Amino acid sequence: MSATDDLAIADRATAPLAAKGAGLTLAVVLLAVFVVPSSISGTAVALPVMGAELDSGAAGLQWVVNAFNLAFACCTLAWGSVADIIGRGKAFAIGAGLYLLASVASAFGTNIYLIDAARALAGIGGAAIFASGGAIISTIFTGAARARAFGLFGTVAGVGVALGPSLSGAIVDTLGWRWIFGVHVLALTLALIGSPAVFRTVGSERRAARVDTAGTALFVLAMLSLMIGIVQGGEWGFASPAVLGFFTGFVVLLGAFVAVQQRVAQPMLDLSVLRDRRFVGMCLVTVVASFGFVTMLTYLPSYLTTVGGRSTATAGVLMVLLTLGVLVCPLAAGKLVAKGVPPRTVIYVSLACLVVGDATALVFGPSFSVAVVAVPLLLIGAGMGLSAGLVDGQALDAFPAEKAGMAAGLLNTVRLGSEAIAVAVYGALLAGLLRGAVADGLAAHTADDPARVAGDLATGNLTAAAQGGGAELTGFLVSSYDGAFHTILMVLTGVCLVLSLVVVVLLRTPAKVTAAR
């Protein structure tokens, strides 16, 4: 056990557990936190029904999800800095209020473009909720109580991700798609009613500083350029002039942002936080989870239906094996730390689960036993769940209270940005591998357009891809998809392994002991 871990255990033994009224504040924060991931994973379920009612094309529907993700990823760091200046309680309430207004607009939206704009506003509000929510927990809890609180934070976020699709599906089937946003309105109304408890608990923690307008604008524009390039890369091609232009814009804007941050007296991002190797290591843990877990959460259902021949309902049941660890492991991690297990050890186990889980997922095939594939799915879910919440608490532990919001914002920016990148990389690899396989072998089965067939197959639409062909063509396409899936799994395993080794090196650096601790 390192000196750092000894110090952490000593802190748990001597520090007060939580501020007065912390329990109610935690409940209010977690209620708002639940809405954000459940919205991210659940809104997509309503897109077909929404498109049919509003007579919308595919592009408009895609931006119902993409607008939220873009705004969330672009604004999280900015909100963390703003929260440190105006107060975490106020930033949390503003975020919940923006999300509430956006949900009302979405529920009553009469065209898809209005809903797209409302979802972007919801993403801005969600960024404020996550950035200030993590900082509030870090501020009002210490010691073992902080570990338990962040364990709950991770569990609630995991429950939102896991249950979002099923809850939204049930709402769409019974009440209609507009009630998905109606439920958000109800939950956030309760959060706003409870926000005075947050103000009382965190107190007046404003600091005399001004918002770094130039830095904020440059960072948001840089992230916007990067995310649009990633999102549109799969459709336009990553080598297309437009996408390359967005990536070039990102590099230029990011360079300008760094230059501004080094010159202003009160920067949005204190670049010194990046010198803390332990904090950088914790940020990279979320990147490993993005490549090891989020990609599987996004694309495994298509594999199960396309190659495994499972129905959509059966695929949904199998996905429970993947999300089970996200439901139970964050609290388990908090309890282990509270009992004296070094947090670093738990994080190492989570990384090992992600690497081994992705590697053993190679057992998937056209015919597989549920008992066999349960092992890799449970491992991957446990890897995600053990680090969720715990990594937030550990990352913020090395910073004084006045920087907690900024650090939380940066952590969540890395988390959301890496998820978008990981999903885009998976999609690009899948499309590229399928185009190559189809182009090489399609002529022997049909004279159909290879690009059209590969496009349909990449989206999991085997019926459309095999249209005009017989059983032989269907078998060829299933085999092509299976081969591409296994190649991508090997790439993901390699990425997770390399990043995990980097994390181990970074976390061996002793944490900084601050006056706040």
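Please read all numbers here as calculations on a predicted model, not as lab measurements. Atom set for the values below is all heavy atoms of this structure, side chains included, hydrogens, waters and symmetry mates excluded.
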>> Measuring only between side-chain heavy atoms, which start at C-beta, is L386 closer than 4.5 Å to I347?
In response: no
>> Give me the atom names and distance for the closest heavy-atom approach of V285 to S387.
In response: CG1-CB, 3.8 Å
>> I'd like to know if the side chain of T286 reaches the main chain of C283, judged simply by a donor and an acceptor atom lying under 3.5 Å from each other, with no hydrogens or angles considered.
In response: yes
> With a 4.5 Å heavy-atom cut-off, do K335 and V341 have their side chains touching?
Replying inline: no
> CG of D482 to CG of L477: how many Å apart, nearest 0.5 Å?
Replying inline: 12.5 Å
> Is the F68 ring parallel, tilted or perpendicular to the F72 ring (thresholds 30°, 60°)?
Replying inline: tilted
>> Pair V491, Y426 - check side-chain contact (heavy atoms from CB on, under 4.5 Å), show working.
In response: CA-CA 9 Å; V491 173; Y426 189 114; over 6 Å; no
> For the rings on F130 and F153, is their centre-to-centre separation under 6.0 Å?
Replying inline: yes
> So, does S225 use its side chain to make a donor-acceptor pair with the main chain of L221 at under 3.5 Å?
Replying inline: no
> CE of M282 to CG of L507: how many Å apart, nearest 0.5 Å?
Replying inline: 4.5 Å
> With sequence neighbours left out, what residues match C496 under side chain to side chain contact (heavy atoms under 4.5 Å, CB included)?
Replying inline: V288, F291, V355, D358
>> Check the orientation of F485 and Y303. Use parallel for under 30°, tilted for 30 to 60°, and perpendicular for over 60°.
In response: parallel
> So, does H486 use its side chain to make a donor-acceptor pair with the main chain of F364 at under 3.5 Å?
Replying inline: yes
> If we ignore angles and hydrogens, is there a donor and acceptor under 3.5 Å between the side chains of R344 and Q394?
Replying inline: no
>> Just verifying a value: how many Å separate L506 CG and D276 CG, rounded to the nearest 0.5 Å?
In response: 10.0 Å
> Can you tell me how far the CG atom of L253 sits from the OG1 atom of T248, to the nearest 0.5 Å?
Replying inline: 10.5 Å
> Step by step, would you call L410 with L274 a side-chain contact (heavy atoms from CB on, under 4.5 Å)?
Replying inline: CA-CA 10 Å; L410 179 57; L274 299 177; 3.8 Å; yes
> How far apart are the closest heavy atoms of A71 and A120, and which atoms are they?
Replying inline: CB-O, 3.2 Å
> Which heavy atom in R508 sits nearest to a heavy atom in V504, and how many Å separate them?
Replying inline: CG-O, 3.0 Å
> Roughly how far apart are L492 CG and T295 OG1, rounded to 0.5 Å?
Replying inline: 4.5 Å
>> Using the side chain to side chain contact (heavy atoms under 4.5 Å, CB included) criterion, which residues pair with V251? Sequence neighbours excluded.
In response: none
> Just wondering, do L377 and L300 contact through their side chains at under 4.5 Å, heavy atoms?
Replying inline: yes
>> Tell me the closest heavy-atom pair linking L354 and M384, and the distance in Å.
In response: CD2-N, 3.9 Å
>> Using side-chain heavy atoms (C-beta onward) and a distance below 4.5 Å, is L430 in contact with Y481?
In response: yes
>> Can you tell me how far apart OG1 (T360) and CG (L362) are? Round to the nearest 0.5 Å.
In response: 8.0 Å
>> Under a 3.5 Å distance rule, please check whether W79 uses its side chain to pair with a backbone N or O of I124 as donor and acceptor.
In response: yes
> Taking it one step at a time, do M296 and L489 satisfy side-chain contact (heavy atoms from CB on, under 4.5 Å)?
Replying inline: CA-CA 9 Å; M296 295 293 283; L489 274 180; 3.8 Å; yes
> Between S290 and R415, which heavy-atom pair has the shortest distance, and what is it?
Replying inline: OG-O, 3.7 Å
> Which atom pair, heavy atoms only, marks the closest approach of L226 to F247?
Replying inline: O-CE2, 3.9 Å
